[in-house]
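A quick write-up on the structure given underneath.
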Amino acid sequence: MIRAVKGTRDILPAETPGWQRVEDAARRLLARYGFREIRTPAFEETQLFARSIGGETDIVSKEMYTFDDRDGSSLTLRPEATAGVARAVIEHNLAETDPILKLFMIGPMFRREQPQKGRQRQFHQINVEAFGMTRPSVDVEMIELSLALLDCCGMKEGDLFLNSVGDANCRPRYVAALREALRTEEDRLCADCRRRSETNPLRVLDCKVAADQAIIERLPRITDYLCPQCRDHFNEVRRQLDLLDVPYRLNHRLVRGLDYYTRTTFEIVARSEALGAQNSVLGGGRYDGLIKDLGGPDLAGIGFAIGMERLVLASSRVEIDEKRCDVFLVPLGAPAFDRALVAQRDLRRSGRSALIDHEARGLKAQMRKADKIGARYVALLGDNELARGVWSVRDMTDSRQEEVPEEDFVGFIERRFNG
RNA sequence: GUGGAUGUAGCUCAGUUUGGUUAGAGCGCCAGGUUGUGGCCCUGGAGGUCGCGGGUUCGAAUCCCGUCAUCCACCCCA
């Protein structure tokens, strides 16, 4: 049997209403904040991701689905959205044409990781990006929006963590200081952290090994190394968050795993137990140097991504009553079936959902099917009805049944739904 | 890439410790009870290479070896 490949899964008809609810709510809210939808390709030139995300990151070094096209060029299924959106912004000069460049994208991403709860190789994100705005109030708008989005999508219990990772001026100084401090503690750290001390010292900060925690708490903090500009920016972000009553918690250990982040970084962690170890539902930050690094104008950027699978897991379940059918037509015999086909078309033309059980044998079986499918009305056409030129229309909610002249049948149904 | 758990009917699972006739249950599906009426109830039916391969044995879902898959966790991220 051919199965869905490792780390991918089908979102079945029973689940799609929940996904649509999330997407619809998100689209409505994003429109209120002035965001417009963009849809970029699911694959790009490999170079784009290598240059934007950073060659030393886990994503680029071991998680990308990369393949050679037939002409020999290297392509990669997108592991995240920002790079592609940034590319599109540059390619189409969007910053020149759009006075307020706010974009969002909903779609699948691909990373070759070991699957676990809340982590799949194909997963879906809602990505929100704003370009060309450098002021702290933009950071605050994005953070407030991220909370509002999760809230309107049904996730009530989440903690917002905030940090600043500095910029090209001050972050290298901090990394140097961190590496220095780690050297003196080296022999007391876990094996992973000793390795990280060299490869990517920032990663030591979110180590989960209990024995390392005390040491990590004593390490230098990025916020003590921020340059004056970054410090002022961070302070202003915090002041305005307070102004808008946005609850947040500082987390000096919050360092994003992608190289392009600058200054503000944030993350929302679900309190729900439903998520397992991967409880981060939303993450993002500012990336002021990215567009220029990719060969575009010197354009600031800030964005975040919501993991939709995780959001669905963390959201309160709402029963969505599936109304698949307004009228279920039950013809008995071949002449009646022909009339039912016509009636089905006419009902649909008038805007109602109508179904016929094409395979049905007996009346009882068709009634059962009508009930299972949640039909509001059943319209029966048997020998009695044919002889008198009527439909027997049964209201499935109260089991009341009445006869309706054939020529008024569609009008009768219409009045039932509109009146 | 590493570690742990689990693979039996469409779904959820018993049965595996202590090997023993035709492998069970609930739900779902189909049909009948009601030859023109759904839900509830009753009766019957269909549906399984017991993940796959090999081994031990008179005999394997059950014991042994291998392998694959899924889940959870590490790593890391949304």
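Each chain gets a letter, A, B and so on, in the order its sequence line appears, and its residues count up from 1.
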>> So A:A375, base contact, sugar-phosphate only, or nothing? Heavy-atom distance under 4.0 Å.
In response: nothing

>> Less than 4.0 angstrom between a side-chain N/O of A:Q116 and OP1 or OP2 of B:C74, yes or no?
In response: yes

> At under 4.0 Å between heavy atoms, what does A:G283 touch on the DNA or RNA strands: base, sugar-phosphate, or nothing?
Replying inline: sugar-phosphate

>> Once you apply a heavy-atom cut-off of 4.0 Å, does A:E267 come out as touching a base, just sugar-phosphate, or nothing?
In response: nothing

> What nucleic acid atoms does A:N127 come within less than 4.0 Å of, heavy atoms only: base, sugar-phosphate, or nothing?
Replying inline: nothing

>> Is there a side chain to side chain contact (heavy atoms under 4.5 Å, CB included) between A:Y174 and A:D224? Walk through the geometry before answering.
In response: CA-CA 9 Å; A:Y174 170 68; A:D224 295 329; over 6 Å; no

>> For A:R27, is the CZ atom crowded, meaning more than 12 foreign heavy atoms sit under 6.0 Å from it?
In response: yes

> If only atom types and distance count, is the side chain of A:T46 paired as donor or acceptor with the main-chain N or O of A:S74 below 3.5 Å?
Replying inline: yes

> What integer number of Å spans the C1' atoms of B:C72 and B:U21?
Replying inline: 40 Å

>> Whole angstroms only, please: what is the CD-P distance between A:Q366 and B:U34?
In response: 20 Å

>> Pairing check on B:G1: which nucleotide meets the Watson-Crick or G-U wobble criteria with it, both distances under 3.5 Å?
In response: B:C74

> Which part of the nucleic acid does A:L380 contact within heavy-atom distance under 4.0 Å: base, sugar-phosphate only, or nothing?
Replying inline: base

> If you take atom types as modelled and just measure distance, does the side chain of A:R368 reach the base of B:C29 with a donor-acceptor pair under 3.5 Å?
Replying inline: no

> Can you tell me if the side-chain N/O atoms of A:Q278 get under 4.0 Å from OP1 or OP2 in B:C74?
Replying inline: yes

> P atom, B:G53 versus B:U6: distance in rounded Å?
Replying inline: 22 Å

> For B:C30, which nucleotide in any strand shown is its Watson-Crick or wobble partner with both distances under 3.5 Å?
Replying inline: B:G44

> Should the pair A:R51 and A:F49 be classed as cation-pi, given the thresholds of under 6.0 Å to the six-membered ring centre and 45° from the axis?
Replying inline: no

> Quantified in whole Å, what is the C1' atom distance between nucleotide B:G15 and nucleotide B:U62?
Replying inline: 9 Å

>> Measuring only the P atom in each nucleotide, how far is B:C71 from B:C13? A whole number of Å is fine.
In response: 14 Å

>> Heavy atoms only, 4.0 Å cut-off, all strands: where does A:G362 land among base, sugar-phosphate and nothing?
In response: nothing

>> Within the 4.0 Å heavy-atom criterion, would you say A:A277 contacts the bases, only the backbone, or no part of the nucleic acid?
In response: sugar-phosphate

>> Heavy atoms only, 4.0 Å cut-off, all strands: where does A:R394 land among base, sugar-phosphate and nothing?
In response: base

>> Quick check against the 3.5 Å criterion: does A:R253 have a side-chain atom that pairs as donor or acceptor with the backbone of A:L205?
In response: yes

> How far apart are the C-alpha atoms of A:Y377 and A:F417, what are their side-chain angles, what is the distance that settles it, and do they pass the ring-ring contact (aromatic ring centres under 6.0 Å, His included) test?
Replying inline: CA-CA 11 Å; A:Y377 293 99; A:F417 278 99; 5.6 Å; yes

> Picking from B:U37, B:A69, B:A73, which would you name as closest to the side chain of A:R3?
Replying inline: B:A69

> Any donor-acceptor pair under 3.5 Å joining the side chain of A:R119 to the base of B:C72?
Replying inline: no

> Roughly, in whole Å, what's the span from NZ in A:K372 to P in B:G39?
Replying inline: 7 Å

> Does A:K364 make a side-chain N or O approach to OP1 or OP2 of B:U37 shorter than 4.0 Å?
Replying inline: no

> What about A:R111, does its side chain sit under 3.5 Å from the base of B:A78 through a donor-acceptor pair?
Replying inline: yes

>> Mind checking if A:E359 touches a base, just sugar-phosphate, or nothing, with heavy atoms under 4.0 Å?
In response: nothing

>> Taking only side-chain N and O atoms of A:K6, does any of them lie within less than 4.0 angstrom of OP1 or OP2 on B:U70?
In response: yes

> Do the side chain of A:Q114 and the base of B:C71 come within less than 3.5 angstrom through a donor-acceptor pair of N or O atoms?
Replying inline: no

